[in-house]
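The structure under discussion appears below in the form of structure tokens.
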2 protein chains.
Amino acid sequence: MVQVVEKTRVRARPLRQARDERVVAKDLPLGRILEGDCIEAMRSLPSASVDMVFADPPYNLQLGGDLNRPDGSHVDAVTNDWDKFDSFATYDKFTREWLAEARRVLKPNGSLWVIGSYHNIFRVGAILQDLGFWILNDIVWRKANPMPNFKGTRFTNAHETLIWAGMGEKAKYTFNYRTMKTLNDELQMRSDWVLPICSGQERLKRDGAKAHPTQKPEALLYRVMLATTNKGDVVLDPFFGTGTTGAVAKRLGREWIGCERESVYREVALERIEMALPLDESALTTMQSPKAAPKVAFGTLVETGWIAPGALLTDKKRKMKATVHADGSLRTPAGETGSIHGLGAKLQGAPSCNGWSFWHLEHEGEIKPIDAVRQLYLLATEP
Amino acid sequence: MVQVVEKTRVRARPLRQARDERVVAKDLPLGRILEGDCIEAMRSLPSASVDMVFADPPYNLQLGGDLNRPDGSHVDAVTNDWDKFDSFATYDKFTREWLAEARRVLKPNGSLWVIGSYHNIFRVGAILQDLGFWILNDIVWRKANPMPNFKGTRFTNAHETLIWAGMGEKAKYTFNYRTMKTLNDELQMRSDWVLPICSGQERLKRDGAKAHPTQKPEALLYRVMLATTNKGDVVLDPFFGTGTTGAVAKRLGREWIGCERESVYREVALERIEMALPLDESALTTMQSPKAAPKVAFGTLVETGWIAPGALLTDKKRKMKATVHADGSLRTPAGETGSIHGLGAKLQGAPSCNGWSFWHLEHEGEIKPIDAVRQLYLLATEP
DNA sequence: AGCTAGGCTGAATCCTTGC
DNA sequence: AGCAAGGATTCAGCCTAGC
């Protein structure tokens, strides 16, 4: 049974600390972007003064040469100086310093979010554990529309990782369980979030070009803030960029502080936040990502044993035959090979073919389309 | 049209090393589970002798005992941090040691897989980078049916993370791109894999209870091995448990070596692997045929009369033109010459060009890429 | 107005072989 | 070792132009 009670933790705190906070809040540079290096900038903030830190630090991508798409066009990569570090040791030192400052300015019941990719996230995660942060979840941002791997050399890098951490094992933190469940159609919000990358209207431009190479989608920050802060909380972003954190904070009624070295980014961010409108309740629903229809590849059924490699598939009239191979491809007795769709099309001389309905399996005398197996698989694996 | 041609990298290696490998392979304890501590066990293996390591190490041996002891007094932050450091340090030392041994026994073009959760994966990832491994992808195993978070205190922990790494920045590695694309219905395989957890028939029992607390699904190993090893490759699993790695290796025609301390797990694993059935040769062929794609030079098509010298080639929009010369080179009306690839790139001002898809031939009013001719040639000349 | 075709782009550690 | 040349390689979403 669903219990409609907000489960946000109430942070118990000694009286004296609460009084300090009131004094401190007046001194905080709310709604402002601090200039210069973020470590220096954070040093100007009082200790235990912010409720949440969201950080999108440089990833230290270490890209090689140029990369072109198969059509010859050039990939506009992240080549900015701010992403260049001499070595892992240099990157680690930088990471330790900004994380230590973030820890100092966080309240005892505050929490930290960091986003990164495999290039940097393991180092960041280990260091924040070393500093005493207590990881609460790692969240996977599954990109609905990632850039493909153009050369066919690896798996498509289709996600980024966020770490959410509290101040320590025993520290309290804010988690708006009920809000998340509502946002997720009455299912618990999982640790994998499917969201599109930032593009289209949302992507900020400057002189026709993208204003920042790695602008994050507002939907991502929206979910982060809705889940782990309360209205009126102070959110600090040490790598403010073009101000996604500030814009979403304003929309959701949170206070924000940014740090940003590059004056161009600061200008773009301030303009953008100026235009951001606090969100009315009804717009909340439109922010939800549409529930993705579950896709199942034929190969998954083979991998998971629902269809055995070596199994014989036929068309409905059992005239055409093919056997299933370990990679999910099919092969006819004549040696023609292809995917369930491609081979089906080839055999019929058709431009295309829905392999799921074309190919059949015989089971106890009955012949059934392989889509029936997919349906069974879905039934068995859906929560 | 779907062409199921394997693109497995052929690893070029000096002759002497190849000879050494043959000697070494005979000495390897293939199909056996080494007893005792995995670090010690791995020390008994020769260097540069295995093609892939799959490791499912224990999660951080927690912190639990010390931090949870009810000593009544207030645990201050310093002691807290010290305990953590001590504990993490122990785990890190263990991790560094087994990873170093794994690195030693791996061939120069081998690769490493490690699976973990947020408790340990960040430490493992940072350490393997420090040891010189080069991360190729981080893979998210998105569980189709995870355990819910009963207390409603965090996001449902619905995934685990795998790291796939090569031996170094410049090292080669095996990636069966074509196989993965086939397995995923003709779309590039992404870094997020949706697979059910291990349950039902597949879950091994011992006296009614589950035989191992963290048994991994065979589908996960199936994809890992299909993607990054070739038939006959040697796979080492230092944390063998109940032998999922061995069972899948046997099914897919790979050799395996395991290390496992607990005799009960070893017993269960051996029984299980004994019962596993290898896929028959024909089911494995399509995915394992490095030589399946005989290379055809454009010049061959000209020599053999499939494309006549003097023929007019154009781009898809018929804006650029070139004529075919007897040696397979092209020449534009303006006198520019080059190969199908080189000239295509030059005319577009592109850094590179696939001449097979860029250049087209007109035949009975239809315009077709010259690759279509190559396909016809292949069909006609295939044994 | 609506619809389609084509173009553009996104945190990317993105080729292989032979001389 | 470095260089030159052969040749294999992309997915989803949004925008604009054109009908």
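So that the names make sense, note that chain A is the first sequence line, chain B the second, and so on, each numbered from 1.
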Please tell me if [X] has a side-chain N or O lying less than 4.0 Å from either OP1 or OP2 of [N].
| X | N | value |
| --- | --- | --- |
| R374(B) | dA8(D) | yes |
| Y173(B) | dC15(C) | no |
| N157(A) | dT13(C) | yes |

Sugar-phosphate only, base, or nothing, as touched by [X] at under 4.0 Å among non-hydrogen atoms:
| X | answer |
| --- | --- |
| G65(A) | base |
| N149(A) | base |
| D56(A) | base |
| Q188(B) | sugar-phosphate |
| C198(A) | nothing |
| S339(B) | sugar-phosphate |
| D83(A) | base |
| S117(A) | nothing |
| I135(B) | base |
| P217(A) | nothing |
| E169(B) | nothing |
| W356(B) | sugar-phosphate |

Would you say the ring centers of F54(A) and F239(A) fall short of 6.0 Å from each other?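 No, the ring centres sit 6.0 Å or more apart.
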Pair Y265(A) and F240(A), ring centroids less than 6.0 Å apart: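 No; F240(A) has its ring centre 6.0 Å or more from that of Y265(A).
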Looking at D76(A) and K210(A), is there a salt bridge between them, counting it only when a charged N and a carboxylate O are closer than 4.0 Å?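 Yes, this pair counts.
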Do the side chains of R69(A) and D71(A) get close enough for a salt bridge, i.e. N-O under 4.0 angstrom? no
Could you tell me the separation between the [atom1] atom of [X] and the [atom2] atom of [N], rounded to a whole number of Å?
| X | N | atom1 | atom2 | value |
| --- | --- | --- | --- | --- |
| F150(A) | dA12(D) | CZ | C1' | 11 Å |
| E160(A) | dA12(C) | CD | P | 8 Å |
| N145(A) | dT9(C) | CG | P | 15 Å |
| D315(B) | dG6(C) | CG | C1' | 15 Å |
| D71(A) | dC8(C) | CG | P | 8 Å |
| L330(B) | dG7(D) | CG | P | 13 Å |
| E202(A) | dA12(D) | CD | P | 20 Å |
| F155(A) | dC11(D) | CZ | P | 15 Å |

Side chain of [X], base of [N]: donor and acceptor closer than 3.5 Å?
| X | N | answer |
| --- | --- | --- |
| R203(A) | dG13(D) | no |
| K216(A) | dA11(C) | yes |
| R154(A) | dT13(C) | yes |

DNA chain C base-pair string [pairs: Watson-Crick or G-U under 3.5 Å; |: paired with another strand]: .|||||||||....|||||
Fit a plane to each ring of W113(A) and W164(A), take the angle between them on a 0 to 90° scale, and name the class: parallel (under 30°), tilted (30 to 60°) or perpendicular (over 60°). parallel
